Peer 1: 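First the structure, which I've put down as structure tokens, then a few questions once you've had a look.
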Amino acid sequence: KHIWKVHCMRTMKKNNLIEIVTNPYLILVILSIIFVFNSLNPVVSYDENLWSYMGNLWAKHGIPPYTGAVENKTPAIFFLYATANFLTAESIFVIRILGVFATLLSAFILYCICEKLHSKRAGIFCMLIFGLSMSWRLVDGSYFAHTEVFMVLFSVLAFYFIIKAKSSSKMKYDLFFAGISIGIAISFKQIAVTTLVAVVLFFLVFSANHLSIKKKILEISLFFLGVTLSISLSILILFVYGVSFLDYIEGAWLILFNSGSKVSSFEIQIAHFFDKLIVSRFVFFYLFVFLFFYQKKLVNKPLFYGILLWFVFDFIGVNASGYYYGHQIKQVIPSLSLMGGMVMGNLMVPHFYLKRKNLNPLWYFIILAFLFFPYKQCYRTLNLLLNPPDNYSKSMGYWVKEHTSKNDYIYILGDDDKLISALAASSRVSSSNYFNLIFIKEDIHRHKVYSDLMNNTPKIILKIENDSLQIKEAYGEKVDEFFKSNYTLFTVKEGFEVYKYH
């Protein structure tokens, strides 16, 4: 009796410990600590500075996107940065905190999806995989103010509504809300259109056995009504601020055909692909994909193909530009995490993978946490917090602000991240809506820059010290002549060459 009592007490303690470890709210607390810590990274990314400039342009100078600045993003991210700039000077870190909440919410929604489709433990595994991998250095794990963070949230939400619709008596509302969600995702970044295709196909496959053709057409129509309404709302907001529909189409969609939106050659794309998706921690996910195929019979057929389609179309999205910037890889993490959660959940099935007795469930959580913990990102953040880098670029921006008035224009030559940082910190307006070199690829762009410099002559022009930039080749002969004829080197400061109009 004593031995049996001890055995029962040990079993109860073990079960209690498993219940504690597999509590989704505890996992959220752990993830929130990791997210908040990494969001404190004092280094601001190129895109964060760029959008901060555009947010300031809109909030403080009344110049909305697409008319006053050229950037290849849909408008939702500009709404966020403009609102944050209106409320506080530290707009980037405000949006990072919003991004932390968005990522936590994404993790919890994925847990709900996986629990509904498989089991609670699979949901916990899914949430853990997603949260830890979204913090990797590989995917820019400290930059929670990137567009993909919010795009992922609304993409995941769209899938949640699709899955909820199958067992709901109010399917039409769920499909409508799914459409609104994916429309918002597209309003954060255009590449979410690949996720839109995945959502539609997921719905068609997932509902294959219980909806008539007529019913499917009706539900899909409601879905696209939601997509149209949410995108139209963002366009309406722009219209209120004087941005025409043509401005929106050219600035958010046609610009994607500009060579600055895509890598310059297929060879470079292949090199980036191997560097980011083959010779990296990303290979852990390929094991999940392989094992997901291996357990094809264990997952019901429509669900298996639906999740696979989600992965395939988001993977196409990741590969679209060819740059493979870390934040771009985030798009495919949700579907891979869902596969991983189900694969890990099936480890709980006796003898499914292993001939011998399966391990204690706690070991699976420990092994998973060990493999996916963001060591590199946490180390980098800690190192930067203990040894903060000198922010000469921001200091340069403050100097420009002190030596110019609000009505003065400035201009930067090049597309270096230091230049963008200085421009953002200066709170001054660029002479041209082509405020950096990224999208100046053709003569029509060069003529536009020249015209803008003539009409909005900058008081100060900044250039990186000893930069090899050839102004004539990059900006055209007219801009080169204008620069040489009207500007003299005033000072070299903080690694910048400062030219003043004379």
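These figures come from a predicted structure and were not determined experimentally. Only this structure's heavy atoms are used, side chains among them; waters, hydrogens and symmetry mates stay out.
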Peer 1: Quick check: F144 with F35 (ring centres under 6.0 Å apart)?
Peer 2: yes
Peer 1: What residue among I95, L98, T103 forms side-chain contact (heavy atoms from CB on, under 4.5 Å) with V149?
Peer 2: T103
Peer 1: Over 60° means perpendicular and under 30° means parallel, so tell me whether Y411 and Y475 are parallel, tilted or perpendicular.
Peer 2: perpendicular
Peer 1: Run the numbers on W399 and E494 for side-chain hydrogen bond (donor to acceptor under 3.5 Å, both in side chains), then give the verdict.
Peer 2: CA-CA 10 Å; W399 184 91; E494 314 287 12; over 6 Å; no
Peer 1: Can you check whether Y325's main-chain N or O pairs, donor with acceptor, with Q328's side chain at less than 3.5 Å?
Peer 2: yes
Peer 1: Are the side chain of S485 and the backbone of E481 linked by a donor-acceptor contact shorter than 3.5 Å?
Peer 2: yes
Peer 1: Can any side-chain N or O of K276 pair as donor or acceptor with the backbone N or O of Y324 at less than 3.5 Å?
Peer 2: yes
Peer 1: Under the side-chain contact (heavy atoms from CB on, under 4.5 Å) test against S335, which residue among F313, F159, F311, F315 passes?
Peer 2: F311
Peer 1: To the nearest 0.5 Å, how far apart are CE in M127 and CG in L28?
Peer 2: 5.0 Å
Peer 1: I'd like to know if R96 and E48 make a salt bridge, using a cut-off of under 4.0 Å between side-chain N and carboxylate O.
Peer 2: yes
Peer 1: Heavy-atom count check: over 12 atoms from other residues, nucleotides or ligands less than 6.0 Å from Y375 OH?
Peer 2: yes
Peer 1: Give a yes or no on this: more than 12 heavy atoms of other residues, nucleotides or ligands lie within 6.0 Å of atom NZ of K394.
Peer 2: no
Peer 1: Less than 6.0 Å separating the ring centroids of H447 and Y450?
Peer 2: no
Peer 1: Report yes or no: does K262 contribute a side-chain atom to a donor-acceptor pair with the main-chain N or O of A320 at less than 3.5 Å?
Peer 2: yes
Peer 1: How about CZ on F239, more than 12 heavy atoms from neighbouring residues, nucleotides or ligands closer than 6.0 Å, or not?
Peer 2: no
Peer 1: Ignoring hydrogens and geometry, is there a side-chain-to-backbone donor-acceptor pair from K60 to N85 under 3.5 Å?
Peer 2: yes
Peer 1: I need the single residue from Y53, F86, W51 that forms a side-chain contact (heavy atoms from CB on, under 4.5 Å) with Y81. Which is it?
Peer 2: W51
Peer 1: Anything under 30° is parallel, anything over 60° is perpendicular, the rest tilted; go ahead and classify Y248 against F245.
Peer 2: tilted
Peer 1: Aromatic contact between Y487 and Y501, with the criterion being ring centroids under 6.0 Å apart: yes or no?
Peer 2: yes
Peer 1: Measure the acute angle between the ring planes of W136 and F285, then classify it against the limits of 30° and 60° as parallel, tilted or perpendicular.
Peer 2: tilted
Peer 1: Are the charged groups of D480 and K472 less than 4.0 angstrom apart, N to O?
Peer 2: no
Peer 1: Are E148 and K330 within salt-bridge range, i.e. N to O under 4.0 Å?
Peer 2: no
Peer 1: Verify whether one side chain among Y499 and E497 offers a donor that lies under 3.5 Å from an acceptor in the other.
Peer 2: yes
Peer 1: Does atom NZ (K500) have a neighbourhood of more than 12 heavy atoms from anything else shown, all under 6.0 Å?
Peer 2: yes
